[in-house]
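First the structure, in the form of structure tokens, and then the observations on it.
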Number of protein chains: 2
Amino acid sequence: MARPKASAAAASRDRVFAAAAAEFAARGYAGANVDRIARAARLNKAMIYYHFKSKGDLYREILSDMFQAVRAGVVEVASSTASPDAKIRGYIDAIAAAAEARPHFPPIWLREIAEGGEHIDDSTIASVRDVLASLGRIIDEGHRAGRFHRLEPLLIQAGIIAPLMFFFATARLRRKMERGGAAGLSTLTREMVVDHLQRITLAQLEGKL
Amino acid sequence: MARPKASAAAASRDRVFAAAAAEFAARGYAGANVDRIARAARLNKAMIYYHFKSKGDLYREILSDMFQAVRAGVVEVASSTASPDAKIRGYIDAIAAAAEARPHFPPIWLREIAEGGEHIDDSTIASVRDVLASLGRIIDEGHRAGRFHRLEPLLIQAGIIAPLMFFFATARLRRKMERGGAAGLSTLTREMVVDHLQRITLAQLEGKL
DNA sequence: GTCTATAAATAGATAGAC
DNA sequence: GTCTATCTATTTATAGAC
């Protein structure tokens, strides 16, 4: 359940998980097709229902895996002995790493936001809350150390996560726009975005604006 | 076609448009149900197909209206005689205004990004491109006036639009999370977010970080 | 312009054999 | 664990009356 692989050798349950993640990312919950998931997993529809109770259940497990992964990453950073500004950089890195390790993550998150979190169960809500709480802890710590202003975590959080998710999720759209005549949209790299976010987030917290 | 209203007196075509926008925002393209749109518009399914060629056509018209509205707003700002920093503030205001005037806008945009722009037709792609190009023009102008550094417009754009869309689109999710035990998530106001984005965007362009 | 009725296709879920 | 066949419900789209 924790970190399924999509390789040929992977157990069929993991293949279903991986295929479903890609399908939900590409078409959304309602648009996802169980038959198509089965084909992508080189199985048939009945096997989906052998491994998972329902389409909704399968989706909720994917959501849960996503947010547990981010939560684990940022909690580790927040609990470390690093300096507050190193923690802020690590926090941003951890979110980017979780998103990169799961290509389905950014699109599914964007869709889930649009849906008002309709499919998120309580334990996953708790993971999301912990991610924000970890940032709050880092800011508080920096504040006590006299390094950070005590800014609203939600505002800082939005300034980090939203551009990150946009960057990863718009990859396809940017390519489409370049074919439509826009220049230089794909010159942006993951490093540029992460570096930039790290710098402007710290600048805000350190009161440089 | 330009700016339909949802009032009781509105022509039936406009009622369909408004009901469809809400339905697509709430459930996505695939999840939207033509029958439900018809009921919300106090009509029946056949009327949808009387006014629009297909579900896809109806959706594309809503997308087109959205992006033409942002485009109009930001082009006006970029073409004005205001100072470069006033234009940056106006640019952010214009996007926020377009999003607020159409509650369906942020969720639909988020979903469309997740979908890689699958439903966006060429003329709508052009509108999106113009929105980014307008920011590029403002930055160039500020640069020639010796006030702005010439930063990558896409990076600045992402830092503006992504948090704005997140803020508007997460309203429901934030309420859900507060019921789940998170405190103070709804204290954030539109003014706080817009002011904050205006300040940090200008600070970046003016090289204050 | 608006409606009812229905065609035609698709999709989630299960039964039951191997 | 894996498969085929099928049930049942839903959904887009249209025909045709008023």
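Throughout, a chain's letter reflects where its sequence line sits, starting with A, and its residues are numbered from 1. In what follows, every heavy atom counts, from backbone to side chain, and hydrogens, waters and symmetry copies are set aside.
Here C:dG1 is the nucleotide among C:dG12, C:dG1, D:dG1 with the atom lying nearest to any side-chain atom of B:Tyr50. Among the nucleotides D:dG1, D:dT4, C:dG12, the one closest to the side chain of A:Asn44 is D:dT4. Counting only heavy atoms from C-beta on, B:Met47 has its side chain closest to C:dT2 among C:dT2, D:dT2, D:dT11. You'll find that the side chain of B:Ala46 is closest to D:dA15, out of C:dG12, D:dA15, D:dT2. Here the nucleotide nearest the side chain of B:Lys45, chosen from C:dC3, D:dT12, C:dG12, is D:dT12. Closest to the side chain of A:Ser12, from the set D:dT12, D:dT2, C:dA13, is D:dT2.
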Test side-chain contact (heavy atoms from CB on, under 4.5 Å) on A:Leu110 and B:Phe166 and set out the steps. CA-CA 9 Å; A:Leu110 291 189; B:Phe166 258 55; 3.6 Å; yes
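Under a cut-off of 6.0 angstrom, the local environment of CD in A:Glu178 is crowded, with over 12 non-hydrogen atoms contributed by other residues, nucleotides or ligands.
If you measure from atom NZ of B:Lys55 to atom C1' of D:dT14, you get 17 Å, rounded to the nearest angstrom. A straight line from NE2 of B:His51 to C1' of C:dC3 spans 13 Å, rounded to a whole angstrom. Spacing between atom CZ of A:Arg39 and atom P of C:dG12 amounts to 11 Å, rounded to whole angstrom units. When rounded to the nearest whole Å, the span between CD1 of A:Ile37 and C1' of C:dA11 equals 12 Å. Between B:Asp35 atom CG and C:dA9 atom C1' there is a gap of 16 Å when expressed in whole angstrom units. For the pair B:Asp14 CG and C:dG1 C1', the computed distance is 15 Å after rounding to whole Å. If you measure from atom CZ of B:Phe52 to atom C1' of D:dT14, you get 18 Å, rounded to the nearest angstrom. Taking atom CG on A:Leu43 and atom C1' on D:dT4, their separation rounds to 14 Å, with Å as the unit.
The ring of B:Tyr59 has its center no closer than 6.0 angstrom to the ring center of B:Phe52. Residues B:Phe24 and B:His104 keep their aromatic ring centres 6.0 Å or farther apart. Between B:His143 and B:Phe148, a ring centre-to-centre spacing not shorter than 6.0 Å is recorded.
Residue A:Ala32 is classed as a sugar-phosphate contact, given heavy-atom separations below 4.0 Å to backbone atoms only. At a threshold of 4.0 angstrom between heavy atoms, the contacts of B:Ile48 with the nucleic acid are absent.
Here A:Tyr49 reaches the OP1 or OP2 of C:dA13: one of its side-chain N or O atoms lies under 4.0 Å away.
Heavy-atom distances to DNA chain C give each of A:Lys53 and A:Arg36 a nearest nucleotide, and the one nearer the 5′ end belongs to A:Arg36.
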